[in-house]
> 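Let me give you the structure first, and then I'll get to my questions.
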Amino acid sequence: MTVQIAATYDPEGFKDRGFVQAITEDGDAAGPARAVADLEAEIGSARAESPRWIWPSTSDLAPALLRRGIRVDRCHDLALTEALLLAYEGRCGEPRSLGAAWARLHGLAVPEDRAEGALDAPAENPTTQPALFEPDRSGLPPDADPLRAVREVYADQLRRVAATAHPGRFRLLVAAESAAALAAAEMAHHGLPWRADVHGGILEEVLGPRPPDGSPPREMAAAAADLAAALGVRTLNPDSAPQVTKAFADVGVRLPSLRRWELKEVDHPAIPLLLKYKELSRLYSFNGWVWRDTWVVDGRFRPEYTVGGVVTGRWAARGGGALQIARRLRKAVIADPGWMFVAADAAQLEPRILAALARDEGMAEATQSDDMYTALADVFEGSRAQAKIGLLGAMYGQTGGGAAAPLALMRRRFPKATALLDDAAREGERGRLVRSHLGRTCPPPSQRWQAAIAGDAEADAADDSNRRSGQVARARGRFTRNFVIQATAAEWAEVLLALLRQRLRELDGPELVFFQHDEVLVHTPGEHASAVAEMIGECAARAGRLMFGSSPVRFPMSVHSVECYGDAK
DNA sequence: GAGTGGAGCGCC
DNA sequence: AAAGGGCGCTCCACTC
């Protein structure tokens, strides 16, 4: 049986001091409570028995452990679990810290969660010394018995998990989320290999040389000047929507908006120049030299990931826009000498998730193919593109225009899948909560929704009010419709990540360095690349079985072993 | 001048 | 082909 150990820093805040205690699988004390002078060392020394650590928050503990070379196998993250349970219970957004959970349990005043600060530069510079004294983050009052709080909250969480509709599934969710938190800390610790010189080369090629004074680079300035000339104005700030709109109006062109897809519809010689400027300006401001110098340190890009940071269970990332790395910059992601990347992404994850959730036989059949859309082209009048529109449109709640025909086909040919989505949308429109397969639960409707549904509480004309409340309700429906798919896809990916993280320990060297919703990047000594690739495929299949049992739905991974991430797709 | 909200983009 | 889900980030415009 797995040994379980409760562990927590000293809430009085003396760095490194802490408490540990063996606990039973029900959360009862199974050994003496011990105060330890160096909690991190204590955790490191227990490595051999591979315990499950029951602790307040992985994101508070794991970075410090990793800096000292300590990796743990598994944990139960009380804060992440509390957040999952609160959402399940319809109390999304209430404070989730150990202290908050403990206060709720005892009917005491619940402390707010400590706010996450903004991130302006890499947070974990390995060379900086940790502070000697850090404010406690558990939210426990100083006079509380921290181990007792851990035990009580853990036991309470086990009871609440058991009370869910599908306790086995929820346990898998808790395990995956906790493991994901460990993986996230490891990725932040390793960093994504990033060649600043290659990045600089891309910038120079596209933007021109870096101006010494931080002024706009040559190509960007030229695009702005060309645009102004084409519109017959002396100066123009292309970043100013009012200025651009007015300049076009003055030459007789009314722009519906400045969105790219709408601009592309407009026939005027200045439009391509504006689009060119927008493209260059995006690269410059988002991933330009300033970004590189801020975020790439010692050949690594180190963002900070927030597990469960998105309501659907996707990860969020703070700092550097880690989950929006422009494709063109992936050329700068180059493995260390002798190392490789194994890049794997789940092919068409969301429609496969839909097929499994809805137990739709027709769609399940199509998942046997590595390219579902091609497999379904026959259904959609021979068009792969139409198949994609039909499936994505159904999952996103698209209604109008060219999606109508493929959506109608979708409805006729895959009634079970369509019904599942329509049910989720209807629940949302009525203000009810929907859940993922494992039990992650969407937030309740916004105040705005409540107000809109209340309707005549507003002073507006009745017609206007009804129309608006209809819009708000449908928006909520689109959200819940998509939630069941996106949230289930996200948990499938977390299960995969948890499994892969464990499997990788069989090898010496491979490290998880990036994870983006349905895609994972392993940095590995070259000789292990093929073994890693094989593991990923096995873990994907096992993730499907853990989530959906004997479902026939396949979850193939597209796996590439490359030296440069830019070559992966 | 600091903070906020919207527009827009790019990632999934 | 039209414009539908989730984010983070940057810019501008606006407010105080």
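In what follows, every chain begins at residue 1, and chains take the letters A, B, ... in the order their sequences are listed. Note that the coordinates shown come from a computational prediction; the quantities given were computed from them, not determined experimentally.
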> Tell me whether the centres of the aromatic rings in A/Trp291 and A/Tyr284 are closer together than 6.0 Å.
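Ring-ring flag for A/Trp291/A/Tyr284: false, centres at least 6.0 Å apart.
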
> Distance check needed: B/dA7 C1' versus A/Leu263 CG, whole Å only.
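Spelled out: CG on A/Leu263 to C1' on B/dA7 is 12 Å.
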
> Just call it for A/Gly309: base, sugar-phosphate, or nothing, with non-hydrogen atoms closer than 4.0 Å on any strand.
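Result for A/Gly309 = nothing.
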
> Looking at the side chain of A/Ser240, which of C/dC12, B/dC11, C/dT10 is the nearest nucleotide?
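From the listed options, C/dC12 comes nearest.
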
> Going by the rule side-chain hydrogen bond (donor to acceptor under 3.5 Å, both in side chains), which residues pair with A/Thr58 if we only count those two or more places apart in sequence or in a different chain?
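In terms of side-chain hydrogen bond (donor to acceptor under 3.5 Å, both in side chains), with neighbours along the sequence ignored, A/Thr58 is linked to A/Trp55, A/Asp77.
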
> Round to the nearest Å and state the distance from A/Arg318 atom CZ to B/dC11 atom C1'.
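Going from A/Arg318 (CZ) to B/dC11 (C1'), I get 19 Å.
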
> Under 4.0 angstrom, heavy atoms only, what part of the nucleic acid is A/Ala317 near: base, sugar-phosphate, or nothing?
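Here A/Ala317 touches the backbone only, sparing every base.
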
> Parallel, tilted or perpendicular, judged at 30° and 60°: which one describes the rings of A/Phe414 and A/Phe380?
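Geometry flag for A/Phe380 against A/Phe414: tilted rings.
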
> Any side-chain N or O of A/Arg327 under 4.0 Å from OP1/OP2 of B/dC12?
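A/Arg327 to B/dC12 OP1/OP2: side-chain N or O found under 4.0 Å.
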
> Go nucleotide by nucleotide along DNA chain C from the 5' end; which of A/Leu392 and A/Gln386 gets its closest nucleotide reached first?
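This one resolves to A/Gln386.
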
> Considering every strand and a 4.0 Å limit on heavy-atom distances, what is the contact class for A/Arg328: base, sugar-phosphate, or nothing?
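Nothing, no nucleic acid heavy atom in range.
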
> Between the base of B/dC12 and the side chain of A/Arg314, is one N or O donor paired with an acceptor at under 3.5 angstrom?
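Such a pair exists between side chain and base.
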
> What about the rings of A/Phe341 and A/Phe514, do their centers lie closer together than 6.0 Å?
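Centroid separation for A/Phe341 and A/Phe514: 6.0 Å or greater.
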
> Check A/Arg481 with A/Asp423, please: is the shortest side-chain N to carboxylate O separation under 4.0 Å?
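Salt bridge between A/Asp423 and A/Arg481, a charged N being under 4.0 Å from a carboxylate O: no.
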
> Could you tell me whether A/Ala403 contacts a base, only the sugar-phosphate backbone, or nothing, with contacts defined as non-hydrogen atoms closer than 4.0 Å?
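Answer is nothing: A/Ala403 stays at 4.0 Å or more from every strand.
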
> Give A/Gln486 one of three labels, base, sugar-phosphate or nothing, depending on what nucleic acid heavy atoms sit under 4.0 Å from its own.
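Touches a base.
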
> Could you give the CD-to-P distance, from A/Glu491 to B/dC12, as a whole number of Å?
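It is 21 Å, rounded to the nearest whole Å.
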
> Who pairs with A/Arg292 by salt bridge (Lys or Arg N to Asp or Glu O under 4.0 Å), at least two apart in sequence or on another chain?
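Counting only residues at least two positions away or on another chain, A/Arg292 forms no salt bridge (Lys or Arg N to Asp or Glu O under 4.0 Å).
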
> Across the strands shown, which category fits A/Ile389 at heavy-atom distances under 4.0 angstrom: base, sugar-phosphate, nothing?
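The residue A/Ile389 makes base contact.
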
> With nearest nucleotide decided by heavy atoms, which residue, A/Glu262 or A/Gly321, maps closer to the 5′ end of DNA chain C?
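Comparing both residues, the 5'-ward one is A/Glu262.
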
> Rounded to the nearest Å, what distance is computed from the NE2 atom of residue A/His517 to the C1' atom of nucleotide B/dC12?
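These atoms are roughly 4 Å apart.
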
> Can you check salt bridge (charged side-chain N to carboxylate O under 4.0 Å, His left out) on A/Arg114 and A/Asp60, steps first, answer last?
CA-CA 12 Å; A/Arg114 189 180 48 92; A/Asp60 283 347; 3.6 Å; yes

> Compare the minimum distances between each of C/dG5, B/dC12, B/dG10 and the side chain of A/Gln324, then state the nucleotide with the smallest one.
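Minimum distance to the A/Gln324 side chain belongs to B/dG10.
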
> Under 4.0 angstrom, heavy atoms only, what part of the nucleic acid is A/Arg260 near: base, sugar-phosphate, or nothing?
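Counting heavy atoms under 4.0 Å across all strands, the contact made by A/Arg260 is with sugar-phosphate only.
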
> Any salt bridge between A/Lys276 and A/Asp226, counting N to O under 4.0 Å?
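No, this pair does not count.
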
> A/Trp315 has an atom CH2; how far is it from atom C1' of C/dG8, in whole Å?
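So the CH2-C1' distance, A/Trp315 to C/dG8, works out to 16 Å.
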
> Taking CD1 from A/Ile325 and C1' from C/dC9, how many angstroms apart are they, rounded to a whole number?
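Atom-to-atom, A/Ile325 to C/dC9, this comes out as 13 Å.
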
> Which parts of residues 268-282 of chain A get close to DNA chain B, meaning a heavy atom less than 4.0 angstrom away?
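Going residue by residue through residues 268-282 of chain A, the ones with a heavy atom under 4.0 Å of DNA chain B turn out to be A/Lys278, A/Arg282.
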
> With a 6.0 Å cut-off (strictly less than), is the heavy-atom count around CD of A/Glu89, excluding the residue itself, greater than 12?
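Yes, enclosed.
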
> Could you please name the option among C/dT10, B/dC12, C/dC12 that lies closest to any side-chain atom of A/Asn237?
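The closest nucleotide is C/dC12.
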
> Find the distance A/Leu323:CG to C/dT10:C1' and express it as a whole number of Å.
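Those two atoms, CG and C1', are 17 Å apart.
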
> Would you indicate what A/Ala241 reaches in the nucleic acid, counting non-hydrogen atoms under 4.0 angstrom: base, sugar-phosphate, or nothing?
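Here A/Ala241 touches no strand at all.
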
> Quick one: which of C/dG6, B/dG8, B/dC11 gets closest to the side chain of A/Ser257?
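So the side chain of A/Ser257 is nearest to B/dG8.
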
> Once you round it to whole Å, what is the distance between P of C/dG6 and CZ of A/Arg481?
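Between P of C/dG6 and CZ of A/Arg481: 13 Å.
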
> Among C/dG5, B/dC12, C/dC12, which nucleotide has an atom closest to any side-chain atom of A/Arg478?
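The closest nucleotide is C/dG5.
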
